[in-house]
**Q** 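Shown below is the structure under consideration.
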2 protein chains.
Amino acid sequence: MPRKAVRLADVAAAAGVSVSTVSKILKGDGRASAATRARVLETARRLDFRPNPLAQSFVTGRSLVVGVLAENAPSTFSMPVIIGAQSSLGRADLAALMYDARNDPKARTEALRKLQARRVDGLIVIGEGPDIDYPPVPADFDVPTVYTYTSYRDPRVVSYTVDNVAIGQMAARHLIELGRTRIAHVAAGRSLRSTIDRHEGFATTLADAGLPLVFSGPLYGDWKRTWGSEAARIILGSGTQVDAIFAASDDIAVGLYATLRGGGVRIPDDIALIGVDNYAKVPGRGDRFLTTIDRRLPQLGSSAADHLIRLIGGSTESGGAFPTASELIVGATTRPDLVGPVEQEIDTYLTDAVSDADRG
Amino acid sequence: MPRKAVRLADVAAAAGVSVSTVSKILKGDGRASAATRARVLETARRLDFRPNPLAQSFVTGRSLVVGVLAENAPSTFSMPVIIGAQSSLGRADLAALMYDARNDPKARTEALRKLQARRVDGLIVIGEGPDIDYPPVPADFDVPTVYTYTSYRDPRVVSYTVDNVAIGQMAARHLIELGRTRIAHVAAGRSLRSTIDRHEGFATTLADAGLPLVFSGPLYGDWKRTWGSEAARIILGSGTQVDAIFAASDDIAVGLYATLRGGGVRIPDDIALIGVDNYAKVPGRGDRFLTTIDRRLPQLGSSAADHLIRLIGGSTESGGAFPTASELIVGATTRPDLVGPVEQEIDTYLTDAVSDADRG
DNA sequence: CTGAAAGCGCTTACAG
DNA sequence: CTGAAAGCGCTTACAG
């Protein structure tokens, strides 16, 4: 590699033309004779010219940096969203300046001030899912902004979120397709947005299939494995016949699994189980033994980033003109669900797995 | 916020001095009368002047962007390292331009070319742990570089890695302190660097305590839960008395747990178990029920980034002058282990947990 | 079709 | 102690 960076002026001198001519030709500006164009292009290639992005940013005002404002960066579910977003940004040669608000309003404000001063070209706000609220970015932060993994459903903002209604639907469809008819829903907190949405999709799909919801409603608890165990005892103790359970998390599903098995229930022969999170996904490890729904959080983040990249690119897309989710996600079961300029993605797929061979 | 950004020239005009005087005063350059200094500072504050970083980067040549070259960004163990690094970078107002090599040599080369062209101020290379090798960045990539979570032990590069010897020591000490005397090691692959290092620390600590290693060596397998189950059957079938097991991963530990329990063994009463990974760390979920060693991967990444930040800052530290690990990590059990300019961190802590209340 | 020139907003010798 | 001036490497009207 050349010790000293070659500049536009070097190319111009070598090609025997002016700097402005080289500049125009290199950025594809039409008006140039074929001969000049060829010579300049050839010279630039020969000298391995790479325009200095620092100079370009300075003159164009585009920093090639995007702000990433995370509410809680190191959390298990934020990380994949951030990594997904950043992978997309890298593909577009955009750097990410990340600040972690750590649920601190002052840190959030300070981060926005810094991002503004830094002249970021855009902003991605990454929340902590649909169940945790906090104020949106002030309107006077006048930079293209996309929210993801937040609780926002405001049609005035672009927001990519997990489609929890669809998760409920997928879970129901899966269990129905297995031929189950006595299906229960072991949910997390009763008032959580995610619980409400998932149950809406779940209950509607069951109703459409003419199936009852066992216990005529979800069993409400929390996200933990211990709640799964408790729910199993409730189900076993109720004497109610159940042949399938939709669990709100894989942890709950594991608790259900252990306690039901302890109670003599065969999984999935007697009771089929489906969870959410696809939590054990270390390659070559985990050897998943329960069916689960993956929220595809990296894809969520990358979809949000791709959208922002289009906005930065001067795209004027808005409202219903947004690309549908099925255009954004490859190789996944998707369902576009467009509400005004808010885009919800299903961002989920079923991971079917074998039943546990461990008869310990 | 002002519609139009205020420039150095605006401050100069308002304060009645020259642009160069403002520039010098604002960056703390000494020679200035107290009166001028006060007036300029006050004016800058009043106008809320923020220097245009695009202009600054252009003239100084410092891009305020750091390259992040990840070997496999979305993998479970890479993500926390990347997020940790990026949090540190953000604290230093440095953006991260991340490329994901996806184990593709050509992608790696291309990423380096782009980072070079982008004039990044530094580079962080994030690997896939000590067990996977690939070539280092070519020497002609003349930018401060720090490696982390890679297999490098080359004293010519700065490399932050998990200290697996220390992990073995911690596991042994923990089990010894519990009063256990018949201690086994259920390891992953025999030839893995991590296995070898952990066993070195483990066996040495046992020997120092005058304790034998049951089976006179590790039981070798893989990282999976199923291997844990198989190992449990081996242990139970051997008739050998065992009262504690060091498992190479939490997945293995879970397999051991399930199968030992199935065999009538009480955990931890009869056999104490310790794993590695602290895998179930979703806040409020997981309700961890096994003792584990956390590798503190976010701290690993942030330590690497902090080191790079110092290098970029023009620090001339090198060789033994590097700060020790205990200076870098707060609130953790650390052990500085300095080998030339290579710095290894222990980056681990014990998470003691209650035994499982789930008697399912 | 091509080039001279201004300008982006700073920093940094250099002169006074 | 302070300021005039050059310069960083591009882009972009504008003129020819």
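What's counted below: heavy atoms across the whole structure, side chains too, no hydrogens, waters or symmetry copies. Just so we're on the same page: letters track the sequence lines, and every chain starts at 1.
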**Q** Can you tell which of C:dG7, C:dC1, C:dG3 lies closest to the side chain of A:S33?
**A** C:dC1

**Q** Establish, with yes or no, whether the OP1 or OP2 oxygen of D:dC10 is under 4.0 angstrom from a side-chain nitrogen or oxygen of A:T60.
**A** no

**Q** Counting just side-chain N and O atoms, does A:Q56 come under 4.0 Å of either OP1 or OP2 of D:dG9?
**A** no

**Q** C:dG3, C:dG9, D:dC10: which one has an atom nearest the side-chain heavy atoms of B:N52?
**A** C:dG9

**Q** Need one value for B:V19: base, sugar-phosphate or nothing, where a base atom within 4.0 Å counts as base even if backbone is also close, heavy atoms only.
**A** base

**Q** Does A:K27 have a side-chain nitrogen or oxygen under 4.0 Å from the phosphate oxygens OP1 or OP2 of D:dT11?
**A** yes

**Q** In dot-bracket, 5' to 3', how would DNA chain C read with Watson-Crick or G-U wobble pairs under 3.5 Å, [ ] for crossing ones and | for pairs to another strand?
**A** |||.||||||||.|||

**Q** Hey, is the side chain of B:T36 poking within less than 4.0 Å of OP1 or OP2 on D:dC1, counting only N and O atoms?
**A** no

**Q** Which whole-number value in Å describes the distance from B:K24 NZ to C:dA13 P?
**A** 11 Å

**Q** Output the single nucleotide from D:dC10, D:dC8, D:dT2 whose closest atom is nearest the side chain of B:F58.
**A** D:dC8

**Q** Are the side chain of A:S88 and the backbone of A:D306 linked by a donor-acceptor contact shorter than 3.5 Å?
**A** no

**Q** Under 4.0 Å from OP1 or OP2 of D:dA4: is there any side-chain N or O of B:S20 that close?
**A** no

**Q** Is the phosphate of C:dT11 approached by B:S23 (side-chain N or O, under 4.0 Å from OP1 or OP2)?
**A** yes

**Q** Rounded to whole angstrom units, what separation is found between the CG atom of A:L54 and the C1' atom of D:dT11?
**A** 15 Å

**Q** If only side-chain N and O atoms of A:T21 are considered, is one of them under 4.0 Å from the OP1 or OP2 phosphate oxygen of C:dG3?
**A** yes

